[in-house]
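These numbers come from the heavy atoms of this one structure, side chains and all, not from hydrogens, waters or symmetry mates. Numbering of ligands and ligand atoms starts at 1, following listing order.
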Amino acid sequence: MPYAPEHDEIPNPLRPGLRADSAPEPCAVVIFGASGDLAHRKLVPALYNLAVGAHLPAAFGIVGVSKSAYSHDEFAQDMREAVGRFSRTRPIDPEIWQDFAAGIRYVAGSFDDPDTFARLRAQLEELDRTRSTRSNRLYYFATPPSTFPTLLKQLKAAGMINSPFDTRFTRVVIEKPFGRDLPSARALNRLVLETCDERQVFRIDHYLGKETVQNLLVFRFANSIFEPIWNRRYVDQVQITAGEDLGIEGRGRYYEEAGILRDMIQNHVLQLVCLSALEPPVSFDADSVRDEKIKVLRAIETFDTPEQVARNVVLGQYAPGSVAGADVPGYQQEKEVAKGSRTPTFVAIRLNIRSWRWDGVPFYIRSGKRMPKRATEIAVHFRPVPHPLFGEGTTQPNVLIVRVQPEEGIALRFSAKVPGERFRPRTVSMDFRYGTTFAAASPEAYERLLLDAMRGDQTLFTRKDEVEAAWRIVGNILKVTESSEFPPPYPYPAGTWGPAAADELLAQDRRVWRRL
Ligand code: BG6
């Protein structure tokens, strides 16, 4: 019989002696960009919630680094306010906070200045002495990508990056966007790997930290009844939607550079495609799972000519409209957005995965800002019945819907007999909802990811080759759509599901988007 490890025996690929689900070793988390939005909204609230759940290591500290001038106490106070506003659990528990705050430090300085790193080093050594953080370091780059090279060089020059074989760990968490096309992602990977070993690099995609995204693996591989039908013989099409009612939320400068393809598709949405389409990994360790994701990315047909892009990709940009009853401006009226901007805020793409399992099953993906509501889901549409026994057009094909957010859960749509004398079918739903089934509230994505990074478990982080494979797909599209010959994005009124051309993309295949 094959050996199946018990849950608590899952080996940690980075540190063989450490179990993946064990408590992390004592460590200090250094947040570069500590005065920024991410630290306030996500990182420090996530760390605090790990403290609430007693998941932090016994000895723990945080060092914030940025240009703003704070004292340790001012920074801790600022973080307390952020946790008060953005934490999943509220109000703040004063006892837990007191203990948590006792390990908060701050270093002000420019990333260009070696002295900043000398002071950071001294601060970390102080934490090692007073909080027993044992020289283990998790560096979190919550900064714009242009700073990554400087941070890596300075850390290296200050002797603050240990070898991956050192008993004291050094790990680097890198936020997206990881490059802006394939050449820049490759260059960044080269630079990162000149300084660190791949086993020390944690490229974050917060969608992988979402419970429902992880549940895709459990749903597919801990149940025996779905896998036999999860292929081209039974599946007609897959629709993946990642829609947001929000606009660009004051991030005009960033968004003008990014657009929806870099902001959502290259990372989050392609990850959803990978987890929906991958083959069963040989085991649940980081590399086995990531090896299977890579195969999906490599099998996705790329669009190499403008004609292929025009046939399979629809871009949109929101115009003024109304969302949830409130009037909202169009993208071009947003702050720091150029008049006449050609940046897409919506995209719909028809993908084909050239593999034995999927070839010929279209994966329609769409993502957009200022949609009518926030809704992210994966809908697997099965083939219709071969013969309409109860009359032409009386039954709808089965659809399995994984709701990533909100109302996290899974629903199966199937036909049932309407009570009465006749055989009249109607589509009904079997619905599993996280909220009602599990009493415990789900942790935030960043909680899970920070904890895994502290434990050294890379399963939910993207590997070098994975990032590059995703850029190969998106980069080819960008090359065409960013040329001046490609038509500008279609405008769509804010509060709608994108331009009519996105419906036409499916209509060509005699299909329609699922109504959300
Ligand atoms: C971020 C994007 O990565 O993901 C944002 O930069 C987007 O533009 C966000 O709004 C969506 O994340 P979530 O968790 O709210 O679906």
For Arg251, atoms of ligand 1 separated by under 4.0 Å from a heavy atom = 2 (C), 5 (C), 6 (O), 8 (O)
task = Check the angle between the aromatic planes of Tyr255 and Tyr331 and answer parallel, tilted or perpendicular using the 30° and 60° thresholds.
result = perpendicular
request  = Could you list the atoms of ligand 1 found under 4.0 angstrom from a heavy atom of His206?
outcome  = 1 (C), 3 (O), 4 (O), 12 (O), 13 (P), 14 (O)
inquiry  = Under a 4.0 angstrom heavy-atom cut-off, which atoms of ligand 1 come close to Asp263?
reply    = 2 (C), 5 (C), 6 (O), 8 (O)
key: Part of Glu249 within contact of ligand 1 (heavy atoms, under 4.0 Å)   = neither
request  = Show which atoms of ligand 1 fall inside a sub-4.0 Å distance from at least one heavy-atom site of Glu244.
outcome  = 7 (C), 10 (O), 11 (C)
message = Checking a contact table here: which protein heavy atom is nearest atom 15 (O) of ligand 1, and how many Å away?
response = Arg374 NH2, 3.5 Å
task = List every atom of ligand 1 that sits less than 4.0 Å from any heavy atom of Lys176, numbering the atoms from 1 in the order shown and giving each element.
result = 1 (C), 2 (C), 3 (O), 6 (O)
request  = Go through ligand 1 atom by atom and flag the ones less than 4.0 Å from a non-hydrogen atom of Lys369.
outcome  = 5 (C), 7 (C), 8 (O), 10 (O)
message = My understanding is that only residues two or more places apart in sequence, or in another chain, count here; which of them pass side-chain contact (heavy atoms from CB on, under 4.5 Å) with Glu279?
response = Glu292, Arg357
ask   = Should the ring pair Phe100 and Tyr48 be called parallel, tilted or perpendicular, given that the plane angle runs from 0 to 90° and is split at 30 and 60?
value = perpendicular
Protein contact of atom 16 (O) of ligand 1 - nearest heavy atom, named by residue and atom, plus distance = Tyr207 OH, 2.5 Å
message = Going by the rule salt bridge (charged side-chain N to carboxylate O under 4.0 Å, His left out), which residues pair with Lys153 if we only count those two or more places apart in sequence or in a different chain?
response = none
query = Hey, what's the ring geometry for Phe141 with Phe32, parallel, tilted or perpendicular (30° and 60° as the breaks)?
reply = perpendicular
ask   = Which atoms of ligand 1 sit under 4.0 Å from any heavy atom of Gln405?
value = 13 (P), 16 (O)
task = Using only heavy-atom distances, determine whether the side chains of Gln239 and Glu377 contain a donor-acceptor pair under 3.5 Å.
result = no
Ring centres under 6.0 angstrom apart (Trp358, Phe363) = yes
query = Do ligand 1 and Tyr255 have nitrogen or oxygen atoms that lie under 3.5 Å from each other?
reply = no
message = Under a plain distance cut-off of 3.5 Å, with no hydrogens placed, do Arg137 and Thr170 share a side-chain donor-acceptor pair?
response = no
ask   = Hey, which atoms in ligand 1 end up nearer than 4.0 Å to a heavy atom of Lys210?
value = 13 (P), 14 (O), 16 (O)
